[in-house]
Amino acid sequence: MVMTQRIAVLGATGSIGDSTLAILAAQPQHYQVYALSGHHRLDKLFALCQQFLPKRVSVPIAAVSDFAQRLSRAGLDIDVVGGEAGLVDIATDSQTDTVVAAIVGAAGLPSTLAAARAGKRILLANKEALVMAGQVMINAVKTHHATLLPLDSEHNAIFQCLPLAIQQDNSQIHQPNHGVRKLWLTASGGPFLQQSFAQMQQASIAEAVKHPNWSMGQKISVDSATMMNKGLELIEACHLFDLPEDKINVVIHPQSIIHSMVEYSDGSFLAQLGSPDMKTPIAHALSYPDRINSGSQPLDLFALSGLEFIEPDLQKFACLRLARQAMQAGTQATIVLNAANEIAVDAFLKGQIRLTDIADINEQALDEIQLPPLNETADIEDILAIDKIARHLTDKLVAKLT
Ligand code: NAD
Ligand code: MG
């Protein structure tokens, strides 16, 4: 382990930010909070600045001067930067060793990609960055000798169940001697697993964001209710582990104790187990290849009543089917799916559409925006152009429903 890793937490005011900072606060001998960012809850960000005394902080452009004055009145000497450029600046800062990419949605892509191009150690929670730009991201990581460690609990579990050679170079997964046959992503099934589609149609916002096992931000909670989250994770896994979608199975495991599995050619299934607490994968990635105390509750095996495994219903959870379809179609389709989903989830959270409309909108967006496959040289500008088209069309689809 680097003696004191200097960490930039992008998305510090969110749920992953909370879990990360709880570990960093408990391990000051190993980690220095070098920089923070926040977008909405600036009072919370201010309190984090008082607690962690970072050297730099990024806020929305419009808030830079107020926030800087507030810090200075409190006697805090912290450099304040703003907007996307501010996030990129912090992510690529020569003093930053590790970037925790914990911004939600497409907004996290530019800074995450910039961190890869600056050769940083990246702890990736922002799955949308890989869904939109998986190939570009992975190429950047390889070209610039960055390190990409997954925080998403499923991907972190799979990473832990793979041999060192594959952890260090994902293309090694194709070597027959490693014997990797399949990956198994576990899914909780979300709050509507036991309910009918008709009940799901009537779901309130509060019911949709109330996850049975995990406490998370609003967008990912809605994604879990529709199982779009597992769809995004399927695409994320294809990029992280260099596999086609048909090598990755999804199994519903309502207890969220097994966080995912690797199936080997000799019949072995290796699984990673733990309490459903994001501090475990975050601590794993922070200290990799060493281990530290995450502060999560150890799993009480004697208290577990049973572990179930259920095949997902792709009619009820159409978003999962759409993710496979998009992955087969290519990056242009996964960008469209991600953008449409962000707009649709936002509309649901504003009370404009029903939960089950999200899948319909995503499907219509995929059907109506038929683009030629992106070529090998496609870069971030091409990706953002498709993202923009998809958001514009999805706004219209939402408007039709409201
Ligand atoms: P959250 O909503 O709790 O926090 C999001 C963070 O991003 C906040 O700090 C917010 O200020 C910032 N942000 C939002 N919009 C922004 C914008 N336009 N520009 C800059 N910053 C912006 O979300 P979360 O649950 O912490 O999830 C963060 C990411 O981690 C998501 O991609 C999610 O899919 C992934 N993830 C979360 C969990 C979890 O348990 N919460 C688990 C696995 C993966
Ligand atoms: Mg996950």
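Note that the coordinates shown come from a computational prediction; the quantities given were computed from them, not determined experimentally. Numbering of ligands and ligand atoms starts at 1, following listing order. Along the sequence shown, residues carry numbers from 1.
- Nearest heavy-atom pair, Ala283 versus Ile23, reported as atom, atom and distance to 0.1 Å: N-CD1, 3.7 Å.
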Exercise for the section: Give the intermediate values and the outcome of salt bridge (Lys or Arg N to Asp or Glu O under 4.0 Å) for residues Asp357 and Lys400. Expected result: CA-CA 11 Å; Asp357 292 333; Lys400 270 196 219 161; over 6 Å; no

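- Within a 6.0 Å radius of NE2 in His392, other residues, nucleotides and ligands contribute 12 heavy atoms or fewer.
- The salt bridge (Lys or Arg N to Asp or Glu O under 4.0 Å) search around Asp242 returns none, not counting sequence neighbours.
- Between Phe159 and His284, the two ring planes are perpendicular [angle over 60°; tilted spans 30° to 60°].
- For the pair Asp152 and Leu240, the minimum side-chain heavy-atom distance is 4.5 Å or more.
- A distance of 11.5 Å separates CD of Gln135 from CE of Met137, quoted to the nearest 0.5 Å.
- Listed by chain and number, Gly11, Ala12, Thr13, Gly14, Ser15, Ile16, Gly38, His39, His40, Ala102, Ile103, Val104, Ala107, Ala125, Asn126, Lys127, Glu128, Asp152, Met216, Gly217, Ile220, Met278 each place a non-hydrogen atom less than 4.0 angstrom from ligand 1.
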Tabulate below the donor-acceptor pairs under 3.5 Å that side-chain atoms of residues 56-74 make, not counting sequence neighbours, or state none.
unit_1: Arg56; atom_1: NE; unit_2: Asp79; atom_2: OD2; d: 2.9
unit_1: Arg56; atom_1: NH1; unit_2: Asp89; atom_2: OD1; d: 3.2
unit_1: Arg56; atom_1: NH1; unit_2: Asp93; atom_2: OD2; d: 2.9
unit_1: Arg56; atom_1: NH2; unit_2: Asp79; atom_2: OD2; d: 2.9
unit_1: Arg56; atom_1: NH2; unit_2: Asp89; atom_2: OD2; d: 3.0
unit_1: Arg70; atom_1: NH1; unit_2: Asp43; atom_2: OD1; d: 2.9
unit_1: Arg70; atom_1: NH2; unit_2: Asp43; atom_2: OD1; d: 3.2

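- Around the Mg ion (ligand 2), the protein N, O or S atoms found under 2.8 Å comprise Asp152 OD1, Glu154 OE1, Glu233 OE2.
- When atom types are taken as modelled, the side chain of Ser268 and the backbone of Tyr264 share no donor-acceptor pair closer than 3.5 angstrom.
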